[in-house]
Number of protein chains: 2
Amino acid sequence: MPRPRSLTPDRLAAAALAVVDRDGLAALSMRTTAKELGMSPMGLYRYVADRDELERLVVDRILGDVDTTPPPGDAPWRERVEAMACRLRDAVARHPEAVPLALAHRHRAAGGLRWSETVLAILTGAGLDGPRRVVALRALHAYVSGAIQLEHRGPLSGPGTEAIAALPGDRFPLLTATARDAGGVAPDEEFLGGLRMLLRGLGD
Amino acid sequence: MPRPRSLTPDRLAAAALAVVDRDGLAALSMRTTAKELGMSPMGLYRYVADRDELERLVVDRILGDVDTTPPPGDAPWRERVEAMACRLRDAVARHPEAVPLALAHRHRAAGGLRWSETVLAILTGAGLDGPRRVVALRALHAYVSGAIQLEHRGPLSGPGTEAIAALPGDRFPLLTATARDAGGVAPDEEFLGGLRMLLRGLGD
DNA sequence: GCTCGTAGGGGTACGCCGTACACCTACGAG
DNA sequence: CTCGTAGGTGTACGGCGTACCCCTACGAGC
């Protein structure tokens, strides 16, 4: 009845995400987000309970534009799971600075839940249920979020590769050799390659 | 020549880890670590450049007691990889509060590198090399670290399961059903089950 | 159209954090 | 015994999350 709200949660999330995209995850704070919105830091507390909730809003926004409609049912189920994995990966990659955030809060965002539901539908259609379906979904979660994380703060692949290739070759002969090989493998190949390995072992 | 050092990096790491184990990861700071050692906060800077290096020491210590000697060579290669994965998982699980730390700095700790080297030896013995070996190692990294993370701040499995089971069943029918099923699956089964799926698809 | 209760938003302040800097001092080499 | 060096302390600064208090712009009820 008195004085209407001037902000939507989504506008708030957009401002915070703008800070992260522009200045990095470390720059995200109640103060910087407030400044981005042209208001005082304490004003934000009319919209979120604490910083953690602000982060959740950001992740909601990132995962909110993952397409979670079922992929065309005429493709084999493995390809449909691949499509879902790629959609998630692409959405997260759109905000590289926010990767740790997105994965940390993934299971609390509506988009993450919808993703799981759609993947489960595909797995169920492939004949999985009961404990096997539990394990399969969890393995997919583990692989996808682990792979995305590796990709964006990478030990192997990415800029960390050179550091590993430069290690003493006598103590880590295979690791240095593998790091050199890694240069010839594109990120998409790595992600999809590993995913296909997992999917190959997952069905039947 | 003047005045000898009173601390070893390992004692420093032990103190920091004690803080984390006792009071949680959020309690870790230069100040609390210094207090644990009975010295002033600034004194730590004679031993580490900054907080990041302190964290790295902690992770070094956690991953340092992963057994990275090659598992007995008479077992099938998949079982040997399993053994390596379990060793890493067990070492990390010994300090549950430090899980995010351990995984974030894994690739910068000597123990993590030795782990990779040993796993690569097994994979090489199984006939993998070149790009296939790159993808296999990376997939294992992704799965293992993703699974450990899920296990310790779990969406599916763990205390988060009930929250998911309590979601509106009409919007998330499969997810809630799967969360209920998840109660009957032990963490070890989940971890090993997913790992075996990945390993099944990984060779040949 | 005026009043009034309420919720939006600002300001100040506290106790944390990491760490730059200046200082004192215990020690071992000569 | 002296002296240079490096270990360790204390102080201080800017930034953080946020508790608390206040002012005020607004919409509902008359």
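In the text below, chain A, chain B and the rest are named by the order of the sequence lines, each starting its count at 1.
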Trainee: Could you state the atom-to-atom distance from CE of Met39(A) to P of dC23(D) in whole Å?
Mentor: 19 Å
Trainee: Can you tell which of dG8(C), dG10(C), dG27(D) lies closest to the side chain of Pro4(A)?
Mentor: dG27(D)
Trainee: Please, which pairs that meet salt bridge (Lys or Arg N to Asp or Glu O under 4.0 Å) have at least one residue in residues 16-28 of chain B, sequence neighbours excluded?
Mentor: Arg22(B)-Glu36(B)
Trainee: Keeping to residues at least two apart or across chains, list the salt bridge (Lys or Arg N to Asp or Glu O under 4.0 Å) pairs with something in residues 4-18 of chain B.
Mentor: Asp10(B)-Arg61(B)
Trainee: Looking at residues at least two apart in the chain, or sitting in another chain, which of them share a side-chain hydrogen bond (donor to acceptor under 3.5 Å, both in side chains) with Arg94(A)?
Mentor: Asp65(A)
Trainee: Nearest-Å distance, CG (Leu37(A)) to C1' (dG10(C))?
Mentor: 15 Å
Trainee: How would you list, by chain and number, every residue that makes a side-chain hydrogen bond (donor to acceptor under 3.5 Å, both in side chains) with Glu55(A), sequence neighbours excluded?
Mentor: Arg51(A), His105(A)
Trainee: I need the CG-C1' distance between Leu44(A) and dG8(C), as an integer number of Å.
Mentor: 12 Å
Trainee: Which residues pass the side-chain hydrogen bond (donor to acceptor under 3.5 Å, both in side chains) test with Asp170(A), sequence neighbours left out?
Mentor: none
Trainee: I need the full list of side chain to side chain donor-acceptor pair (under 3.5 Å) pairs touching residues 109-123 of chain B, with sequence neighbours left out, sorted by first then second residue.
Mentor: Thr68(B)-Arg114(B), Ser116(B)-His141(B)
Trainee: Considering all heavy atoms of both residues, which atom of Thr161(B) and which atom of Ala179(B) are nearest to each other, and what is their separation?
Mentor: CG2-O, 3.1 Å
Trainee: Take nucleotides 14-25 of chain C nucleotide by nucleotide from the 5' end and write B, S or -, depending on whether a protein heavy atom sits under 4.0 Å from the base, only from the sugar-phosphate, or from neither.
Mentor: ---BBBBB---B
Trainee: Can you check the Arg5(A) CZ to dA7(C) P distance for me, whole Å?
Mentor: 10 Å
Trainee: In chain order, what residues pass the salt bridge (Lys or Arg N to Asp or Glu O under 4.0 Å) check against Asp188(B), with sequence neighbours excluded?
Mentor: Arg89(B)
Trainee: Using whole Å, what does the distance between atom P of nucleotide dG9(C) and atom NZ of Lys35(A) come to?
Mentor: 19 Å
Trainee: List in chain and number order the residues that pass salt bridge (Lys or Arg N to Asp or Glu O under 4.0 Å) with Arg108(B), two or more places apart in sequence or in another chain; answer none if no residue qualifies.
Mentor: Asp52(B)
Trainee: What dot-bracket string describes DNA chain C from 5' to 3', counting Watson-Crick and G-U wobble pairs whose defining distances are under 3.5 Å, with [ ] for crossing pairs and | for pairs to another strand?
Mentor: ||||||||||||||||||||||||||||||
Trainee: Specify the residues of residues 7-19 of chain A, ordered by number, for which at least one heavy atom lies under 4.0 angstrom from an atom of DNA chain D.
Mentor: none
Trainee: Asp90(A): which residues meet the side-chain hydrogen bond (donor to acceptor under 3.5 Å, both in side chains) condition with it, sequence neighbours left out?
Mentor: none
Trainee: Please check if the side chain of Arg87(A) supplies one atom and the backbone of Asp67(A) the other of a donor-acceptor pair under 3.5 Å.
Mentor: yes
